[in-house]
Amino acid sequence: MARTRISFLTKPVVFLLAGLCITLATTGVVAVALYQMRLDAMAQARDVAENLAISLEKEAERTLDIYQIAMRNVMTNLETPSPDLPPETRQFLAFNAADAVSDLGVIIATDSSGKVVLDSRSMQSSTIDVGRRDYFLVHRQTPDIGLYLSKPFMPITKSDYDSIAMSLRRADANGRFQGVVAGTLSLRYFRHLFDDSILGENGSLTLIRSDGIVLMRRPYKPDDIGKTLAGSRSFPPLMRSDHGTYIDVAALDHVERLYSFRKVGKYPLVVVAGLATRDIYAGWRKRALSIGAVTAILDALIIMLCLMFSAQLQRRLATERQLQKLAWFDTLTSLPNRRRINREAHRILADARRYSSQVAVLFVDLDRFKRINDTQGHAIGDEVLSEVAQRLRRCVQGKDLIGRLGGDEFVAVLERCDVHKAARVADRIMEAMQRPIAVNTGRGVGIALGVSIGIALYPHDGRSVDTLLRNADMAMYRAKNAGRNQMHFYASEYEHEAREHLDLEIALQRALREGALQVAYQPKVGAWGMVHGVEALARWHDDKLGTVAPDRFIAVAEESGLITELDTWILEQACSQLAAWRAAGLDIPTVSVNVCAADFKRPDFADFVARTLQAHNLRPSDLTLEMTERVMFDESTDDIRATLESLHAQGITLSIDDFGTGYSSLSYLHRFPVQELKIDKSFVQGIGTSAMAESLTQTVVNIGHALKLTIVAEGVETLAQRDFLSRHGCLIYQGYLYSPPLAPQDFARWAEARKPS
Ligand code: C2E
Ligand code: CA
Ligand code: CA
């Protein structure tokens, strides 16, 4: 079966996101459209209000013009200096002139006392006196006022409506006040004019005198007439220009409106048309509500569909995963089955080919499993297999593969695995199987099992998955024939090597547990003979294996992880030894201890070192930790750096061992808090024979000087070597020239002998 392609279209969450995006997009578009519609409604209303204001203004101006002309005619007829015209004729002519406006209002003329001398309503002489009206008083007081518009007043004849008067001053040839000509205009006229307009429910029309007095207003309330708007917020801008629009809350009825205003010709009058924003947006609001509702329903539908779709997809994927599991995994143990083992092994081999690394294939077979099945029944047999599978899984590392071929046969494929690691894993498996397996037999007894393991290595024992499996199987048979519960390599030459390595590991473990290691001490000596310090070196003598070289057992310790235990022990020993020597009167400035990357990865290492120093009454400056360049190139640099910084902060000296043999990258020397360099003994020993070694030695010394580091040469065996070193500025030496590494009491004797007597 082909593996399900996990393209992004098969992810349920994608559908949810898509649904969300679509709804967001549609909602956004609708919102923008609605906003645009709202702006349009306002723009339209603005046009309506402006047009309304314009037509009102025109109408009012026309009417007032007619009125004014009529008034001026009356004035002319009254004033023309034709002495032979009798007063009755004048009266008649003036009466005729006023006739033009008789349906709008009344025209009167007065003498200088305010007595009416002409009244357009009648040819008879009048008895009315307007001497107290504001227009009369204004003209008498202010000669050059021109045309004056009065405040609204209730006419003497008592109509339903207020009136206003338009008036002109009469003067004789010398400019002396002779009375006024006034036309009274019933505001009913304006009321009707206003009523015809299309204003909506809450619209308003207002006629204002330029000082803010309201002359007429729709909606009509008698109380509003004569009020002044001069104090309101929108009044000043109204006066500043001939026309304009603005939005404001009305001072008279507190309704928010869009207002358009215009000055009426040359008259001190302003018409203001207002449309309530409530009315302007009423239509828009209805449409917005229905569009919004439809959008919300659509969005909900889309989301629902997406949810349904993604749920369905999720179910399908789950089924597919289930099927896949059945196809690729063993149902009893959940371990990869034969097919999967095959496929994964192919992949692992391809990688190994690319990186030229080794791979180990372990064929694991339970000993005498058939008997368990036959005597205890299949149910118990299955239980045993499940438990075995769990234990096996714990024996391999994350990336390694362990699977079940069928029956009681299991296979492990280990990446980047040499003979030693393969032996160690096989050993771990055998150990894991030793513990009896508790099964549900009702008798509370466990089943003890043995395993036989056959191992084949890529590329040595085969280059294809099939060959390797076949050879591992064959090796497993040899293990069975040799008496079961053991491992066998396919190639017999590995057998010995792996066995030895494993024995070494086991013996080292025992030696550490029993404290059977020793420490040897080698001095570092300064150019003028004083002891600069001493390096602690691990030594191991085993009864069966004999003396094992440090290079060998240190390598085994590093591979198996025993190294941290070993280093801890040496550090402890070295500190206690230094304290003991000092107590005995020996002057030894420092002790150096070798450490490796694994030590620095212990989160408590810096604390442990501090505690050990304290326990022996030593200062941090009494200790130097030597590490190789490899430490700084470890993949967990951050953890290591943190530990190094902390050790440095305590005042412990950090030294780079075997300098020059490793990575030859100087940049790390800046980045880590190092104070000492040790020139590797391979360079020192080339002095005098190899120009290359000599020039490298010089280079290392120069680097050390440039970075202000202490430089120590190790492996110094001859005077010639020492002289070369001292000539080039390296002044501390360690090597057989002074002393080999010595047992503690021998070192004490050596140091005693050098004491100045
Ligand atoms: P190293 O730290 O470079 O130690 C110096 C090695 O050079 C020691 O080898 C020492 O015996 C040897 N040596 C000293 N003077 C001379 C000389 O004049 N000529 C020659 N040819 N060799 C000289 P050793 O003791 O065999 O240790 C080997 C390595 O094992 C050490 O190299 C160190 O890296 C590691 N090692 C030793 N003890 C420990 C330990 O306690 N912990 C850790 N992590 N590593 C250790
Ligand atoms: Ca060292
Ligand atoms: Ca060294």
Side-chain angles (χ1 to χ4, degrees), residues 508 511-512 515-525 532-541 547-577 590-602 605 609 612 623-631 634 640 653-662 674 676-689 693 700 710-722 725 730 732-744 746-747 750:
L508 182 61
L512 267 169
L517 296 185
Q518 294 98 39
V519 189
Y521 296 89
Q522 185 176 36
K524 300 182 196 171
V525 181
H532 190 83
V534 57
E535 177 173 1
L537 292 156
R539 291 291 176 264
W540 180 25
H541 180 85
T547 299
V548 186
D551 283 331
R552 204 151 161 239
F553 71 80
I554 293 291
V556 170
E558 277 182 350
E559 262 178 55
S560 60
L562 288 170
I563 190 71
T564 50
E565 209 178 314
L566 186 146
D567 284 345
T568 306
W569 187 80
I570 301 276
L571 180 77
E572 172 67 37
Q573 293 294 309
C575 288
S576 107
Q577 187 64 70
T590 68
V591 66
S592 296
V593 174
N594 294 284
V595 282
C596 62
D599 295 320
F600 293 120
K601 286 187 218 170
R602 281 174 51 183
F605 187 65
V609 175
T612 310
L623 179 67
T624 299
L625 294 177
E626 295 188 5
M627 68 203 126
T628 60
E629 290 161 284
R630 253 191 303 157
V631 168
D634 194 275
I640 290 177
T653 307
L654 299 172
S655 166
I656 305 284
D657 211 347
D658 303 347
F659 187 76
T661 57
V674 167
E676 185 183 277
L677 283 190
K678 293 186 84 175
I679 309 173
D680 189 59
K681 55 179 178 284
S682 62
F683 299 148
V684 174
Q685 280 160 9
I687 293 173
T689 54
V700 174
T710 308
I711 307 156
V712 181
E714 61 180 20
V716 182
E717 296 182 357
T718 65
L719 282 170
Q721 287 164 356
R722 192 199 61 189
L725 286 161
C730 170
I732 302 171
Y733 319 102
Q734 181 180 349
Y736 298 164
L737 178 65
Y738 297 94
S739 164
L742 297 169
D746 296 335
F747 180 82
W750 177 90

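Counting starts at 1 for both ligands and their atoms, following the listed order.
Taking distance alone, with nitrogen or oxygen atoms compared against 3.5 Å, Gln734 stays at or beyond that limit from ligand 1.
Within the 3.5 Å criterion, the main-chain N or O of Ser592 finds no donor-acceptor partner in the side chain of Glu626. Between the side chain of Gln522 and the main chain of Ser739, a donor-acceptor pair closer than 3.5 Å is present. Side-chain atoms of Glu565 never come within 3.5 Å of backbone atoms of Leu562 as a donor-acceptor pair (strictly under, hydrogens ignored). In terms of modelled atom types and a separation under 3.5 Å, the side chain of Asp567 and the main chain of Thr564 share no donor-acceptor contact.
No part of Asp680 comes within 4.0 Å of ligand 1, judged by heavy-atom distances. Contacts between Arg539 and ligand 1, counted as non-hydrogen atom pairs separated by less than 4.0 Å, involve the side chain only. When heavy-atom distances to ligand 1 are checked against a 4.0 Å cut-off, Leu566 comes that close only through its side chain, counted from C-beta outward. Contacts between Ala538 and ligand 1 below 4.0 angstrom, taking non-hydrogen atoms only, involve backbone and side chain alike. Of the heavy atoms in Asn594, both backbone and side-chain atoms come closer than 4.0 Å to ligand 1. Residue-level proximity to ligand 1 for Glu714 is carried by the side chain, the only part with a heavy atom below 4.0 angstrom.
Under 3.0 Å from the Ca ion (ligand 2) lies an N/O/S atom of Glu535, whether from backbone or side chain. The nearest N, O or S atom of Ser655 is not closer to the Ca ion (ligand 2) than 3.0 Å.
Each of the following atoms of ligand 1 lies closer than 4.0 Å to a heavy atom of Asp551: 28 (C), 29 (C), 30 (O). Counting the atoms of ligand 1 from 1 in the order shown, those under 4.0 Å from a heavy atom of Asp567 are 40 (C), 41 (O), 42 (N), 43 (C), 44 (N). Listed by number with element, the atoms of ligand 1 under 4.0 Å from a non-hydrogen atom of Gly735 are 15 (N), 18 (O). Which parts of ligand 1 touch Asp657 is read off a 4.0 Å heavy-atom cut-off, strictly below it: atoms 1 (P), 2 (O), 3 (O). With ligand atoms numbered from 1 in the order given, ligand 1 contributes 6 (C), 7 (O), 20 (C), 22 (N) to contacts under 4.0 Å with heavy atoms of Lys681.
The heavy atom nearest to atom 15 (N) of ligand 1, out of those in Met627, Glu626, Glu558, Gln522, is found in Gln522.
In this structure, the side chains of Val609 and Leu571 come closer than 4.5 Å at one or more pairs of heavy atoms. Between Glu717 and Val684 the shortest side-chain heavy-atom distance does not fall below 4.5 Å.
The shortest heavy-atom contact between Pro741 and Ala520 is CB-CB, 3.7 Å.
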